Amino acid sequence: MSEALSKRFDARPVESKWYGRWRERGLFGADPADPREMFSMVIPPPNVTGTLHLGHALNNTLQDVLSRHQRLEGKNVLWLPGTDHAGIATQVVVERQLAKEGKTRHDLGREAFVDRVWEWKAQSGARIIEQLQALGASCDWERERFTMDPGLSRAVREAFVRLYHEGLIYRGESLVNWCPRCTTVLSDLESPYQPVAGHLWTLRYPFVDGEGGIEVATTRPETMLGDTAVAVHPEDDRYREFVGRHVRLPLLGREIPIVADDFVDPEYGSGAVKVTPGHDPNDFECGRRHGLAAINLLHPDGRLNGNAGPYEDLSAMDARERVLVDLEAEGALIGSEPHPHEVPHCDRCSTVVEPLLSDQWFMRMKPLAEPALAAVREGRTTFHPKSWENTFFHWLENIRDWTLSRQLWWGHRIPAWKCGGCGDWTVATEDPEHCHTCGSAELEQEEDVLDTWFSSGLWPFSTLGWPDDTPELARYYPTSVLSTGFDIIFFWVARMMMLGLHFMDDVPFRDVYIHPLIRDAEGKKMSKSKGNVIDPLELMSSHGTDALRFTLMRLTAQGRDIKLGEGQLSTGRTFVTKLWNAARFALMNLEGHRPAGGGKGSLYDRWITTRLDAALSEYRRSIEGFRFNDASQGLYQFVWGELCDWYIELSKETLHGDDADARAATQDTLVSVLSGSLLMLHPIMPFITEEIFAALPVDEDRTLLELRFAELGERWPRLTERLDADEAREMEVFTEIVGRVRQVRGELGLAPQAGIRVRFPSELEAMVGRHEAGLRSLLRADEWVFSDEPPPETAAVVQAAGHAIAVELDDPAFLHDEVKRLEKRLKTVEKDLAFVAKKLANPKFVERAKPDVVEAEREKHEGLDEEAAAMTGRLERLRSLLG
RNA sequence: AGGCACGUAGCUCAGUGGGAGAGCACCACCUUGACACGGUGGGGGUCGGCGGUUCAAUCCCGCCCGUGCCUACCA
């Protein structure tokens, strides 16, 4: 069904039309019963209430390219989509909404608040899905999952309960990162360090028995209220005799011991350190070693509690000022100096995180980390680029227990019930009626929810139906590829590895592709606060989705971030236009054509067909190696640099000529090469390729997405012949001649439309005879002769592929330009010649370099030598001619 | 402090043990029947610096300089 294409490509209607058709035909759906080799991926679930940003656009384009590519390879493909409930992030958004109404979540109560979040999810949760669809994502939408679906919630409970009974989850008291604003515990990963302009204060604690005292330094003087010791290094001679003595804590008057502990760095500060086990991770460990009390000074909201004595109810910051004033008054404040340092802040709200002593649920990580490390070391899972494996190893080798509980309301409530009778915990998948220890019915469920990453960690198998034995799980686990950003290798990738290996006894994915980070044109990270965020949806509507996708693929090289500016964006847009116009050319020249196929075709027909084969295999290799930039660059080069620049130009004479058979073969070639190009381009530019393919006179009811690379030689009019070695060489000679003669035209300033007369050596007569059409369309040569006589003086002569080709110049005015041209060329040839000669004069080179390299240099020398001699001769004659 | 990247044309970036490429920008000519989001030609680079290995280094090794990122309990 051939039809004309509009003069300009209008992306928007084409995009929605084809996305609709693919879905109507169910082309995204995966069937576990389909026996073909499988390829599966789970999407990194975006925040359910989020919106599409460029990182999503990039990552999901990559995954879509992989999905569509593997479909064309003939595989049974599952790309499973879904969204994440994103505990803190989502709760913070809804709390802000409430704040505008002057309410807090406590005003509503837990149940009403959670209902409110569900409402917000229902209202905004579809948005990011629609945006992914606008991008063209070919996910199996029938299998869309949400981390708080009943099925996935069941998986969370099952996993928690099993890990608990295996002793890998425990409840205990520990020092955790606490956000006083969110009033929840945070993992280390959620508490990034940020620089603050602090001070280092030096305090003096007097000995209880006798004169003198000991000096300690601190950045948080208010924590001295919780000090229970002073520590010095056991080898430090300055303090050795003080160990075991006591000092009196200023302000509170508490007597605390001086202990020896080798965590103290004698080089730093005074070499003595105050120990606050309740509010510092190091001190907590030190306190444990020495049996020191850990005093908690904080209320959950960050104000000081009764342990702070007179400072009760002050905020930490207010308390710091008051404590400093009082220490000064007491003579205990010795010094103060500016001290910029790094302090953990809440990832979500940037409040300073306080170390807080509390009871939490933890996961033991060491036993889970070992198998994950082994899996990557043994290559059962491979990272691309491989260098990211170092990051993965480093974190897992130094892993600490994971604080699982969060004091939030939005999330999976921990399936643990505390007995009001005996105080024991009952942990179960089904809500229990009685305590498993004492049988009491006085049970209260844990208030806390699980860290969001707990459910994300189960994603590759919970989405496939785990803990049930489903056909999907059997068929699609382990998944083939996970594509994600480097920033969640710890948060997510490592945890999926650990939990996948633990519950499924196999890795969750074979390959992990770590995509680049997209930065702005200046190379700065995009962020809302900086205001440098580029909205992918705007780019999709202004440039077209295919253009954006192509641009992103062009920029996706391994191991480097992407700087995205306006200059980069035009690449995709111009390429889309070029492809569109090439297709228009083909369709305009296919009037009344009935595809026949099977013919031998012209030399050019066979050449472009051979080039298409090469382009296809190179493209497939690139995609298999996650080299998306190479894949897209190769396609660009083939379509623009070979199909458009050479083949289409060469076909014009034939298409407009009288030879009906030749025309039919060229028409067949146009259709088949264009179809093949569209097939290769389809994964990257799905919309425009379908639109063009549908317009081609091809007897095919299916969309490109339903086709396979293997069918390329079968389905469409297809030339069966390829170039042989002699013909391939001839094409090289021909293109070199065209290039050299064009160069002369340009350098002599001959008008592009002016015809030229060319003189070839007679040995090229047969070859040139086969390229009349090409010489006419590419060189605008309108006359040529064959002669072995020296070329006339009024001619520009070039060496091309070892032959002297003369362009006859009617106007003597060009001779001056020709002299200049020859002088310039001769200079470079002589330079090259000198270099090669020097090389060959080196006996060590001739002796030790590989023979084929030496041989190549000798041939090169010979050619350059001849060329230089010919040019020198021409120059002399021209100079004498001009006087 | 430790680790990992990166440094190639004016800009953004590919790349390889045998005199370095693309896109954009630039210059000249061209509104030729697919395409001016185009065509043809051209200019432009001591491949960060210094050493080493090699017949040969932009590429491999070491050191240094610069930039970025990650990790870490320096009070």
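Every value quoted in this text rests on a predicted model; they were computed, and no experiment measured them. Every chain is numbered from 1, with letters handed out A, B, ... down the list of sequences.
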A:K827 atom NZ is separated from B:rG43 atom C1', nearest whole Å, by 14 Å

Whole-Å distance, A:Y636 OH to B:rG38 C1', equals 11 Å

Separation between CG (A:D546) and OG1 (A:T551), nearest 0.5 Å, reads 10.5 Å

Nearest-nucleotide check on RNA chain B, A:V846 vs A:Q568; residue mapping nearer the 5' end is A:Q568

Requested in this report: Please state whether the rings of A:H384 and A:F626 are parallel, tilted or perpendicular, taking 30° and 60° as the class boundaries.
Outcome: tilted

Pairs under 3.5 Å (Watson-Crick or G-U), crossing ones as [ ], inter-strand ones as |: RNA chain B comes out as (((((((..((((....[..)))).(((((.......))))).....(((((..]....))))))))))))....

When rounded to whole Å, the CZ to C1' distance for the pair A:R825 and B:rG43 reads 12 Å

Checklist line | P-based separation of B:rG45 from B:rC11 [nearest Å] | finding: 13 Å

Whole-Å distance, A:L635 CG to B:rA22 P, equals 18 Å

* Asked: For A:E397, does the CD atom have more than 12 heavy-atom neighbours from other residues, nucleotides or ligands under 6.0 Å away?
  -> yes

Query raised in the report: Is it the case that A:D227 and A:T276 place a side-chain donor and acceptor less than 3.5 Å from each other?
Result: yes

Rounded to whole Å, the CG-P distance (A:L564 to B:rC13) equals 10 Å

TODO: Look at all strands and tell whether A:E857 reaches a base, only sugar-phosphate, or nothing, counting heavy atoms closer than 4.0 Å.
DONE: sugar-phosphate

Report task. Give A:R573 one of three labels, base, sugar-phosphate or nothing, depending on what nucleic acid heavy atoms sit under 4.0 Å from its own. Result -> base

Letter by letter from the 5' end, nucleotides 68-75 of chain B scores (B base, S sugar-phosphate only, - none; protein heavy atoms under 4.0 Å) SS-S-BBB

Closest to the 5' end of RNA chain B, once A:N842 and A:K563 are matched to their nearest nucleotides, is A:K563

Atom CZ of A:R554 and atom C1' of B:rG23 are separated, to the nearest Å, by 6 Å

Looking only at B:rA14, B:rG41, B:rA22, the nucleotide nearest the A:N629 side chain is B:rA14

If we take the P atom in both B:rU54 and B:rG21, what is their distance in whole Å? 29 Å

One should read off an interatomic distance between A:M553 CE and A:R549 CZ, to the nearest 0.5 angstrom, of 7.5 Å

Quiz item: Expressed as a whole number of Å, how far does the P atom of B:rG49 sit from that of B:rG7?
Solution: 13 Å

CD1 (A:I562) and CD1 (A:I518) are apart, to the nearest 0.5 Å, by 5.0 Å

Step through it carefully: locate the ring centre of A:F383, locate the ring centre of A:W388, and say whether they are under 6.0 Å apart.
no

Side chain to side chain contact (heavy atoms under 4.5 Å, CB included) filter on A:A773, not counting sequence neighbours, yields A:E653

Of A:V264, A:V275, A:I256, the one forming a side chain to side chain contact (heavy atoms under 4.5 Å, CB included) with A:V230 is A:I256

Ion pair present between A:E847 and A:K844, side-chain N to carboxylate O less than 4.0 angstrom?
no

Pairwise P distance, B:rG43 and B:rC27 [rounded to whole Å]:
16 Å

Side chains of residues 832-841 of chain A: which donor-acceptor partners sit under 3.5 Å, not counting sequence neighbours?
none

Would A:R238 and A:D236 pass as an ion pair if we require N to O under 4.0 Å?
yes

Polar atoms only, N or O, under 3.5 Å: list the protein pairs with nucleotides 4-8 of chain B and their distances.
unit_1, atom_1, unit_2, atom_2, d
B:rC6, O3', A:R560, NH2, 3.2
B:rG7, OP1, A:R560, NH2, 3.1

Among B:rA14, B:rG18, B:rG41, the one nearest any side-chain atom of A:D630 is B:rA14

Protein N or O to nucleotides 26-36 of chain B N or O, pairs below 3.5 Å:
unit_1, atom_1, unit_2, atom_2, d
B:rA34, OP1, A:K652, NZ, 3.3
B:rA34, O2', A:N581, OD1, 3.2
B:rA34, O2', A:R584, NH1, 3.0
B:rA34, N7, A:K652, NZ, 3.4
B:rA34, N6, A:E649, OE2, 3.0
B:rA34, N3, A:N581, O, 3.1
B:rA34, N3, A:A582, N, 3.3
B:rC35, O4', A:N581, OD1, 3.3
B:rC35, O4', A:N581, ND2, 3.4
B:rC35, O2', A:N581, ND2, 3.0
B:rC35, O2, A:K578, NZ, 2.8
B:rC35, N3, A:K578, NZ, 3.1

TODO: Using the C1' atom on both, measure B:rA57 against B:rA72 and round to a whole Å.
DONE: 38 Å

| task | Pick the C1' atom in B:rG44 and in B:rC35, then give their distance to the nearest Å. | result | 28 Å

Note: A:L655 and A:Q667 closest approach over all heavy atoms is CD2-CG, 3.7 Å

Taken to the nearest 0.5 Å, the spacing of A:I684 CD1 from A:F628 CZ works out to 8.5 Å

Determine the contact category for A:E847: base if any of its heavy atoms lies under 4.0 Å from a base atom, sugar-phosphate if only primed atoms, P, OP1 or OP2 are that close, otherwise nothing. nothing

Quiz prompt | Same-atom distance (P) from B:rG18 to B:rC64, integer angstrom | solution = 28 Å

What interatomic distance, in whole Å, is found between C1' of B:rU16 and the corresponding atom of B:rC50?
-> 23 Å

- Query: In terms of heavy-atom contacts, does CZ of A:R289 have more than 12 from other residues, nucleotides or ligands at under 6.0 Å?
  - Reply: yes

>> Taking A:R821 first and then A:E818, would you say they form a salt bridge - that is, a charged N and a carboxylate O separated by under 4.0 Å?
In response: yes

A:F845 atom CZ is separated from B:rA57 atom C1', nearest whole Å, by 15 Å

Separation of B:rU54 atom P from A:K839 atom NZ, nearest Å, is 18 Å

